[in-house]
Amino acid sequence: MKYASLRYGLSALRCLTALCMGGLVLSALPMQARAAAGGSAGSAHAADMAARMQPAEQQAVLQARPIGGGEGATQAAADGLLAWPGGARRGLPALRMPDFSSPARPADEGGRPMLPWLALAATWDPDLARRAGGARARAEWEQGRAVVRVGGIDLLPSGRLQAGEDQVLAGTMAGMIGAGLLSGHVLPVFGSVAGDEQARADGAVPGRTAPVPAAWLADGSLLGVAMALEVAHGGALLCGGLAVCQTVTGLGAMVHDAWHFPGMVMATPGGLGPARPDDATLLPGALGTGVDMEQVSSREGGHDMFGAPLRQAVRDGAVRPAQLQAMGMHVLASFYMAGSLDHPPAFTPAHAAASPPVADTLVSDVEAEGAVLLQNENRVLPFDPALGPVLVLVRAPMRHAADLLADELRHAGLGVSVVVAADGANAPGTLPPATAQAARTLVLSGTDADNRMISTLADLGGHVVVVLTGDDPDRQMPWLDMVDSVVQAWAWRDAHARPLAALLSGQQEFSGHLPVTLTGGFYPPGMVDADYRAFERAHVAPLFPFGYGLSARGHLTLSDLHVVREGTHLNASFSVTNPDGTAVRAIPQLYVSPSSDQAAPRRLAAWRSIMVAPGHTLRLTLPVSLRLLAQWNAPAANWAVAAGDYAFSLGFSSVMLVRHADVRLPAMHLPAALDMAAD
């Protein structure tokens, strides 16, 4: 059986309890292999190197600048590549990285694996996330790049990001991608830019301009960032430009003083506007952000705060040598933790053809584990070949995808035909004639533009299965009560055809769970966020809740939830039973509600991805960090757990909670430092 090793929390969660079932002891998987230089070793090496550098060398490593001169430089600059200069006198190699001001893409041309997109987050499988990071590291290495941005988490409160809407899930999945990148000596940079956010249907966006103390974000957006850094055991942070970095006041103190994170905070190009003669007047504010490295882009017209303005400030004595040295040390520590300075990739022309990708089932596995069964009335899925053929109905843009899926369904033994609906097919008689005779119709739908067509089809009276091929959490489903089955299959890629066919035909069981709330486009009045906690606060049930997902043929039961405290963490134990005849991959989810004197909603505390054999009962134990129950204590720079009763709930989504247990805790203070020590 497969047990995903979840590194849910912070330092307290490094002790995963062994699982004892029927005499067979299944220990949790070992922690992921570390980069060549551990956190403490990398920090010490960085401090020594920074101390031996001349001031000019220390300042040079604070910027990544556009590539200029030399073979391939023109194309590299056109592709948005920047170069970190290293230090030839100290034997530090130059390294290349992308301009991080653009949104992260789920995949590039040429078979490069995806970063954390919603399909990957929907697997709730950290091992799969680590595979994605390792595969991406190999692809970046081929192109001579040593730094990758991992989206899905953000310093500021955001809308729906690629890794989902919960900091515990997003931080874990992004951190495991980072662990995969670090295993290939590629530095993961954790953070998002505004373009990463999934726009809401009503246009509302969280505020991003008013200054907010980092202490206010400690148990929110910054929690996901901290988890990613610790789960990955290294990396760097990103904020979307110096202006955005200035929005989070006290960021440097939180990251370096409270967390004791030895690595760097980066800023993307731009944010302060074009270069001006009085740039030097903005420098104190820029240095006060906690940023250690600035990306400089040629599109800014030469604007760089850590360039000429900083050099002048150093000459004038306005910037202390110790501050310059500390910033350089943070930059070097991130690269040493990744092993990038000891194992740099060779520079290659950015446009050079990459070697053929190694055969890997990563994309197929993501779809197989991440496709979510939302509804299955009349048990239409899986399709039974004995009940006759299946008609696949699509609009023209989805014809290629429909043909691929139809071929795979035929290989599974189904009779399948594909028909294309013309634009405007939204009334009886306007759909292709074949739909009137079809007993079972499968619709591949990417946008709300298909809604009237689906409703018209459902009115004809046959069984209808809708497969959603987009990532929109606000996708409207006015036809939901009229169709039999709905599958959230995420943004279409051709590699999804085979695993999706296996799910629809019953060769594989559905096991994905939603990493976001599907709202249907409806929000309670005044709601700015649209995550599951916001719906709980408003006492409104969303269309499909966070964590939700069905199995087509099996069901599981949960029982005997017990929660006990052990030092600085809690252990939650419970039983999972599969009474059916089909193996089911389960994702039991544990949620915690703070004590009554805290104005905080229920939040995800832990989960486990596990395969349960037919007729078997497994006893599981999940560790829970007490930091998830705590509030940030700003004066002491630590976590404070209030004395009182805490309620734990267990289920298969944020609202389908079937088992409950309370634990009484005394008042406690927990350290804020991340556990970055090598194993």
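Residue numbers count from 1 along this sequence. Just so you know, these numbers come straight off a predicted model, no measurement behind them. Just so you know, these numbers use all the heavy atoms, side chains as well, and skip hydrogens, waters and symmetry mates.
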Using a 3.5 Å cut-off and no angle test, enumerate the donor-acceptor pairs between side-chain atoms of residues 316-329 and protein atoms at least two apart in sequence or in another chain.
unit_1: Asp316; atom_1: OD1; unit_2: Gln312; atom_2: NE2; d: 2.9
unit_1: Asp316; atom_1: OD2; unit_2: Gln312; atom_2: NE2; d: 3.2

Does Arg315 have any salt bridge (Lys or Arg N to Asp or Glu O under 4.0 Å) partners at least two apart in sequence or in another chain, and if so, which?
-> none
Report the distance from atom NE2 of His260 to atom CG of Asp675, rounding to the nearest 0.5 Å.
-> 12.5 Å
Report the residues that fulfil salt bridge (Lys or Arg N to Asp or Glu O under 4.0 Å) with Asp365, sequence neighbours left out, ordered by chain and then residue number.
-> Arg131
With sequence neighbours left out, write down each residue that passes ring-ring contact (aromatic ring centres under 6.0 Å, His included) with Phe190, or none if nothing qualifies.
-> none
Over 60° means perpendicular and under 30° means parallel, so classify the ring planes of Phe261 and His256, tilted if in between.
-> parallel
Decide yes or no on side-chain contact (heavy atoms from CB on, under 4.5 Å) for Met264 and Leu187, but give the supporting numbers first.
-> CA-CA 11 Å; Met264 66 172 158; Leu187 176 67; 3.7 Å; yes
Leu229 versus Gly235, closest heavy-atom pair with distance | CD2-C, 4.2 Å
Does Ser192 use its side chain to pair, donor to acceptor, with the backbone of Gly152 at less than 3.5 Å?
-> yes
Could I get the full list of ring-ring contact (aromatic ring centres under 6.0 Å, His included) partners for Trp84, not counting sequence neighbours?
-> Phe335
Nearest heavy-atom pair of Pro344 and Leu341: which atoms, and what distance?
-> CD-O, 3.9 Å
Ala137 meets the side-chain contact (heavy atoms from CB on, under 4.5 Å) criterion, sequence neighbours left out, with Leu181, Val186
When rounded to the nearest 0.5 angstrom, what distance separates CG in Leu182 from OG in Ser334?
-> 9.5 Å
Side chain proximity check, Leu251 to Thr289, heavy atoms < 4.5 angstrom = no
Do Pro345 and Leu95 have side-chain heavy atoms sitting under 4.5 Å apart?
-> yes
Which distance, rounded to the nearest 0.5 Å, do you find between the CD1 of Ile177 and the CG of Leu128?
-> 9.5 Å
Which donor-acceptor pairs under 3.5 Å do the side chains of residues 215-222 make with protein atoms, sequence neighbours left out?
unit_1: Ser221; atom_1: OG; unit_2: Leu155; atom_2: O; d: 2.5

Would you mind reporting whether Gln143 and Arg96 have side-chain heavy atoms less than 4.5 Å apart?
-> no
What residues, two or more places apart in sequence or in another chain, satisfy salt bridge (Lys or Arg N to Asp or Glu O under 4.0 Å) together with Asp48?
-> Arg52
Compare every heavy atom of Val624 with every heavy atom of Ala606, then report the nearest pair and how far apart it is.
-> CB-CG2, 4.2 Å
Check the pair Trp141, His185 against side-chain contact (heavy atoms from CB on, under 4.5 Å), reporting the backbone distance first and the verdict last.
-> CA-CA 9 Å; Trp141 195 265; His185 306 303; 3.9 Å; yes
Atom CZ in Arg149, atom CE in Met97: separation rounded to 0.5 Å?
-> 13.0 Å
For Asn633, which residues count as a side-chain contact (heavy atoms from CB on, under 4.5 Å) partner, sequence neighbours excluded?
-> Pro635, Ala636, Asn638, Ala640, His669
By salt bridge (Lys or Arg N to Asp or Glu O under 4.0 Å) - contacts of Arg533 (at least two apart) | Asp166, Asp531
Give, for atom CG of Leu237 and atom CE of Met293, the distance between the pair rounded to the nearest 0.5 Å.
-> 13.0 Å
For the residue pair Glu57 and Leu92, establish whether any side-chain heavy-atom pair is separated by less than 4.5 Å.
-> no
Any side-chain heavy-atom pair from Val148 and Pro188 closer than 4.5 angstrom?
-> no
Taking all non-hydrogen atoms of both residues, which atom of Ala605 and which atom of Leu628 are closest, and how far apart?
-> O-CD1, 3.4 Å
Are side-chain heavy atoms of Leu82 and Val296 found at a separation under 4.5 Å?
-> no
Does any non-hydrogen side-chain atom of Gln167 lie less than 4.5 Å from one of Ile153?
-> no
What heavy-atom pair brings Ala121 and Met173 nearest, and what distance separates the two atoms?
-> CA-CE, 4.1 Å
Could you pull out all residues at least two apart from Gln63 that satisfy side chain to side chain donor-acceptor pair (under 3.5 Å)?
-> Arg65, Glu294
Set of residues satisfying side-chain contact (heavy atoms from CB on, under 4.5 Å) with respect to Ala122, sequence neighbours excluded = Val372, Trp490, Pro515
Separation between CG of Leu629 and NE2 of His569, rounded to the nearest 0.5 Å | 13.0 Å
Heavy-atom closest pair, residues Ala214 and Gly250 | CB-O, 3.8 Å
